[in-house]
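Reading through the structure tokens given below for one structure.
Reminder, nothing fancy here: chain letters follow the sequence lines and each chain counts from 1. Here the structure is a predicted model, which is why all the values come from computation and not from measurement.
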Number of protein chains: 2
Amino acid sequence: MGRGSGGRQKLIDAALELASTTRSLASLGLREVTRCAGLAPNAFYRHFRDFDDLGLAAVDMMGGELRRGLRERRLRLARSRQGSVVSTKGVVNDAGRQNIRETVGLVLDFVTEHPTAYVVGIRELNGSSPKMRAAVRRLLDDFARDMAEDIQQMLDAPMTDAVSMQEIARQVIYQMTFFSMDYLEQPQRRDEIREQAERFILRMFVGEMGLQAMAPKKKAAARK
Amino acid sequence: MGRGSGGRQKLIDAALELASTTRSLASLGLREVTRCAGLAPNAFYRHFRDFDDLGLAAVDMMGGELRRGLRERRLRLARSRQGSVVSTKGVVNDAGRQNIRETVGLVLDFVTEHPTAYVVGIRELNGSSPKMRAAVRRLLDDFARDMAEDIQQMLDAPMTDAVSMQEIARQVIYQMTFFSMDYLEQPQRRDEIREQAERFILRMFVGEMGLQAMAPKKKAAARK
DNA sequence: CACGAATGTGGACACTCGTCTACTTTTTGT
DNA sequence: ACAAAAAGTAGACGAGTGTCCACATTCGTG
């Protein structure tokens with residue numbers, strides 16, 4: 001009982017493959033996908049109701065793996081420099097910059113290792129299916145939550161309040177989608193893009209610290 | 001000689017209408033669009049070679065209008081407060097914040113006035129057609145160029161070098177695509193989203209000034 | 001006016017698509 | 001080991017599609 005001879009996985013792979021090079025997920029043909037997977041058209045119905053269903057399954061699978069992978073690698077990094085907690089005001093010194101560099105590298109490496117899944121995911125982020133959009137956004141928000149949590153734990157004192165940290169993490173994650181796409185599409189500019197991403201994150205942190213320093217009361221009040 | 005009875009425009013409108021509610025541009029059917037436009041299927045060939053062609057025409061038209069509209073409204077705003085040049089370090093004071101607030105409002109207003117075209121454009125930003133992607137990105141980069149130029153002119157002294165300003169403007173424009181989509185999709189959260197966008201831009205500027213202040217030589221050297 | 005280009009129409013072709021029913025093979029729990 | 005459930009196959013139906021050809025209409029300009 002269960003997953004048979006992996007036809008389900010073959011279908012997901014075929015769909016991602018086709019969608020990444022040809023079209024959006026929803027515009028794929030049922031027969032097109034089954035043909036590419038080496039199955040009969042009807043085999044699709046055994047596993048999925050429609051393409052939204054397949055898409056959500058793909059997001060669950062790849063997303064879960066990605067999130068787990070990122071967390072694991074991040075924890076491994078953190079453990080390798082255990083004890084060297086970064087001081088709040090030291091986010092921008094060499095230790096802080098090294099942290100940012102490693103995190104950006106983590107994301108970009110994952111992206112280059114799973115290009116098809118990533119491209120399709122980002123494509124569906126603003127895509128036509130509301131369900132897919134919601135699923136991908138939920139996933140990105142989970143990443144942002146993880147990231148905010150890890151950063152706060154890495155510092156000896158909170159850099160800012162939890163809400164702002166969450167907001168910043170979200171904006172960083174979303175901006176990273178653009179960096180990642182550029183990174184995949186323009187291999188010759190990879191170093192430059194990497195540096196741009198690092199600068200962006202650094203700028204966000206420095207900016208937040210500046211805002212906190214110059215008008216903490218005003219900001220707290222404006223946050224309703 | 002020329003555009004006859006506006007069938008071309010009808011086709012573009014129909015395509016945007018269908019794509020914004022149903023699917024991506026490339027996945028539309030030729031007959032579907034012509035039917036929605038009230039024309040015979042063959043009329044499509046009179047105006048466009050394929051859907052990429054239609055898409056590029058739509059981007060040219062809407063993009064040009066948007067860019068012209070934004071520039072015009074921005075200049076009008078600038079003229080209405082002529083003489084009150086903002087000092088470089090005053091970007092974050094009340095005058096600077098007011099500037100940011102107005103610019104954000106400009107963009108969000110335009111978006112709410114042309115939702116279908118905007119949604120389709122953003123959808124094609126990471127879409128399946130390379131030509132469309134390139135066209136939309138070129139358009140966004142034009143916006144960024146305009147924005148960088150206007151900001152530099154508004155200040156009494158350059159806040160940072162031209163390259164960095166351009167980079168920041170690009171990142172702000174790209175992030176605004178997310179804010180705009182949220183703004184359209186979640187009318188009940190509009191005030192909150194507006195404030196988030198303003199905070200984001202403020203944070204970018206403060207961050208850049210901070211970076212400039214703390215390590216100008218290092219940055220200049222790192223810029224190759 | 002009248003001619004030609006631009007624009008729009010109608011019908012027809014071969015093709016792919018999604019879906020259904022009926023049948024065979026494989027996997028798996030007990 | 002056996003029976004049932006799950007996975008996969010085969011063929012066929014109607015609907016919708018892209019594209020082509022030949023014909024009608026509109027419109028601007030000589």
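Across the protein-nucleic acid pair, B:Arg23 atom CZ and D:dG16 atom P stand 13 Å apart, rounded to whole Å. Across the protein-nucleic acid pair, B:Leu39 atom CG and D:dA24 atom P stand 20 Å apart, rounded to whole Å. D:dA6 atom P lies 20 Å from atom NZ of A:Lys10, rounded to whole Å. The distance from atom CG of B:Asp53 to atom P of D:dT19 is 13 Å, rounded to the nearest whole Å.
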message = Does the protein touch nucleotides 13-22 of chain C at the base, only the backbone, or not at all? Give it as B, S and - per nucleotide, heavy atoms under 4.0 Å.
response = ----BBBBBB
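The residues A:Arg145 and A:Asp142 are annotated as salt-bridged, a charged nitrogen and a carboxylate oxygen being separated by less than 4.0 angstrom.
Interatomic distance, A:Thr160 OG1 to A:Met165 CE, rounded to the nearest 0.5 Å: 8.0 Å.
Remark: B:Tyr174 pairs with A:Phe178 by the ring pair (Phe, Tyr, Trp, His ring centres under 6.0 Å) rule, at least two apart or across chains. B:Phe48 is linked by a ring pair (Phe, Tyr, Trp, His ring centres under 6.0 Å) to B:Phe44, counting only residues two or more places apart in sequence or in another chain.
OP1 and OP2 of D:dA6 both lie 4.0 Å or more from every side-chain N or O belonging to A:His47.
At distances below 3.5 Å, not a single donor-acceptor pair connects side-chain atoms of B:Ser164 with backbone N or O atoms of B:Asp161.
Here the options are A:Arg170, A:Arg68, A:Arg71, A:Arg73, the test is salt bridge (Lys or Arg N to Asp or Glu O under 4.0 Å), and the partner is A:Asp146; only A:Arg71 passes.
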